[in-house]
There are 2 protein chains.
Amino acid sequence: MVKRRPHSAATATPLDLPATGRGSADEQAFLAQYRLDAFERPSVAVDIVVFTVIDGHLEVALYERTEHPDQGRLALPGGFMRMDESLDDAARRLLADKAGLTDVFVEQLYTFGEPGRDPRGRIVTVAHVALVDAARFSAAPLLRRLVRVPWSGETGGDVDVVDIGAAAFDDDAFDEAAACAVAFDHASIIGMAVKRLRGKLDYTPVGFQLLPAEFTLRQLQDIHEAVRGDVVNKDSFRRRMLASGHLEATGNHERGVTWRPAELYRFVRRSAV
Amino acid sequence: MVKRRPHSAATATPLDLPATGRGSADEQAFLAQYRLDAFERPSVAVDIVVFTVIDGHLEVALYERTEHPDQGRLALPGGFMRMDESLDDAARRLLADKAGLTDVFVEQLYTFGEPGRDPRGRIVTVAHVALVDAARFSAAPLLRRLVRVPWSGETGGDVDVVDIGAAAFDDDAFDEAAACAVAFDHASIIGMAVKRLRGKLDYTPVGFQLLPAEFTLRQLQDIHEAVRGDVVNKDSFRRRMLASGHLEATGNHERGVTWRPAELYRFVRRSAV
DNA sequence: AAAATAGTGTCTATGAGACACTATAGT
DNA sequence: ACTATAGTGTCTCATAGACACTATTTT
């Protein structure tokens with residue numbers, strides 16, 4: 001049995017190009033006659049789950065489908081990948097086109113490829129998650145819908161998307177509102193996005209992506225509670241966040257509140273080591 | 001600000017099919033004339049990173065490419081997705097075909113789609129991770145290679161794949177061995193697989209997948225140390241594992257060892273609640 | 001008996017939860 | 001002065017790390 005510590009330095013890969021190796025004339029000739037399109041292929045789409053937190057509740061951006069299939073149902077913004085762009089680039093392009101959002105946090109989530117997931121034919125979709133603060137989210141030309149999670153923790157599963165309109169927010173109204181009809185398998189995709197977000201919240205500085213540049217600790221706590229769908233301990237939350245090294249006090253304080261104004265903090269990438 | 005506990009029960013989705021809704025004649029007519037293949041599409045492949053731990057070291061299953069491109073380099077087992085199967089099914093099919101492995105833990109990892117990642121053309125690959133115990137791994141008709149991770153923790157990045165042959169294992173030989181030439185972006189894929197595995201090890205019962213049905217706590221600790229590339233505290237490891245509820249004592253003990261034989265445990269799925 | 005590892009008991013340091021207390025804005 | 005929230009200090013409890021000690025096998 002061998003015990004070892006983290007490896008120190010990577011050994012360089014020795015590249016002795018043989019006559020048939022990478023970049024050789026032999027390989028060039030092979031590639032020139034290779035027919036990749038000899039096989040039947042699926043279409044590749046990219047869908048984006050855009051989340052924000054407004055008034056202590058997780059919301060997702062959707063649009064109402066005006067065309068078949070699933071006409072009239074709510075769907076995630078997305079589209080087909082182009083042949084000259086990476087998946088991340090496609091997600092960012094579609095986010096800019098469909099939601100007018102640029103410079104936002106985008107991360108690949110999961111690839112959905114069940115044969116029957118889209119009646120138009122075989123479409124594999126690479127789902128992404130985007131996080132944005134409430135102000136920018138509200139300005140996007142997409143419908144805002146509340147996410148209702150029928151499971152706790154990181155159990156996983158589909159979620160409901162509900163619309164309680166302009167009515168003053170009420171817990172009972174939220175709990176009892178009918179779920180909106182969601183297109184394709186997008187309720188599963190949003191569900192997995194919630195699960196992933198919950199999982200990353202405590203271990204990565206992802207919560208800051210849902211806030212503006214300067215924010216109070218209370219706002220950050222609201223984000224965590226909305227994502228987790230549960231209350232968190234105020235004291236230990238403050239200690240953890242301040243000890244994480246991700247927060248930098250600005251010296252400024254919030255304004256216009258009727259109570260003691262809290263200090264504003266800024267998100268800083270933790271220094272290496 | 002609203003505080004809420006986990007939601008209790010999901011409200012059923014009300015499905016009133018309008019004349020133009022899901023399954024309607026209108027939709028059927030639309031789908032009949034829809035041409036999905038009007039757009040250019042990439043190919044979709046599935047690659048599998050098969051891991052095991054042998055002699056306290058993480059190993060990966062590879063094969064040597066006999067055809068262009070990247071002829072002679074080591075590559076992950078994989079292949080193209082068929083039009084009638086899901087991504088997970090494709091991974092399991094390819095695992096059975098290429099490695100003779102069935103009934104193993106398989107999980108989707110990440111989808112790689114950089115435009116230049118394969119010189120044959122635009123190929124998007126959905127990478128998967130498979131975990132198997134040492135005995136089944138050794139029986140697979142694939143090359144065994146050691147994984148050398150040039151970063152600690154969950155930093156991430158490419159990894160080296162090294163071959164120290166039949167020489168008695170030696171730390172210095174391992175550290176200084178030249179890295180094998182790996183095809184395409186497979187060194188990145190394996191690197192992300194290591195990162196994911198390390199991340200899941202402490203929070204999910206994934207380590208058991210690398211062991212036979214019955215195992216000692218020491219073997220389980222060896223798995224964790226090999227995956228993490230670091231030593232773990234024996235005492236707290238034992239406590240954590242026994243307290244996790246995933247272990248069930250069999251009453252049997254290991255045989256043929258020259259020291260006090262340890263008790264054998266079995267992996268049990270933790271009971272709900 | 002010696003060697004080697006399995007397994008237990010206990011002390012300590014750390015971090016989360018709980019709670020009391022002080023501070024500061026608007027009304 | 002009152003109220004609501006910000007922010008601090010301290011106590012307790014649970015858990016990880018460390019270490020000493022006992023147990024059980026083969027040689």
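Owing to the predicted nature of the structure, the values given are computational and were not obtained by experimental measurement. Proteins come first, then strands; the chains are lettered A, B, ... in the order of their sequence lines, and each starts at number 1.
To the nearest angstrom, C1' of dA16(C) lies 12 Å from CG of Asp202(A). Between the CE atom of Met241(A) and the P atom of dG15(C) there is a distance of 14 Å, rounded to whole Å.
Using a 4.0 Å cutoff to heavy atoms of chain B, the contacted part of DNA chain D runs 5' to 3' from dA16(D) to dT26(D).
Checked against side-chain hydrogen bond (donor to acceptor under 3.5 Å, both in side chains), His128(A) has the following partners two or more places apart in sequence or in another chain: Asp88(A). Residues satisfying the side-chain hydrogen bond (donor to acceptor under 3.5 Å, both in side chains) criterion with Arg266(A), sequence neighbours excluded, are Glu248(A).
Every stem involving DNA chain D, taken as at least 3 paired positions in a row under the Watson-Crick or G-U wobble test at 3.5 Å, is listed here: C:1-27 with D:1-27.
Proximity of a side-chain donor or acceptor of Asp133(A) to a complementary backbone N or O of Ala135(A) within less than 3.5 Å is detected. Checking side-chain atoms of Thr216(B) against main-chain N and O of Ala262(B) turns up no donor-acceptor pair under 3.5 Å. Not one N or O on the side chain of Gln108(B) forms a donor-acceptor pair closer than 3.5 Å with the backbone of Ala127(B). Between the side chain of Thr155(A) and the backbone N or O of Trp151(A) there is no donor-acceptor pair closer than 3.5 Å.
Backbone-only contact: Arg240(B) has heavy atoms under 4.0 Å from sugar-phosphate atoms and none from a base.
Contact check of residues 251-266 of chain B against DNA chain D (heavy atom, cut-off under 4.0 Å) returns Val257(B), Thr258(B), Trp259(B), Arg260(B), Pro261(B).
Between Phe237(B) and Lys234(B), the one whose closest nucleotide on DNA chain D sits nearer the 5' end is Phe237(B).
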(message) One pair to check against side-chain contact (heavy atoms from CB on, under 4.5 Å): Leu74(A) and Val161(A). What are the steps and the verdict?
(response) CA-CA 9 Å; Leu74(A) 296 176; Val161(A) 162; 4.2 Å; yes

(request) Might you work through the side-chain contact (heavy atoms from CB on, under 4.5 Å) test for Leu76(B) and Ile48(B), ending with a clear yes or no? (result) CA-CA 6 Å; Leu76(B) 294 168; Ile48(B) 305 120; over 6 Å; no

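Applying the salt bridge (charged side-chain N to carboxylate O under 4.0 Å, His left out) rule to pairs touching residues 196-211 of chain A yields Glu107(A)-Lys200(A), Asp202(A)-Arg228(A), Asp202(A)-Arg240(A), sequence neighbours excluded.
Checked against the 6.0 Å centroid criterion, the rings of Tyr265(B) and Phe208(B) do not qualify as a close aromatic pair.
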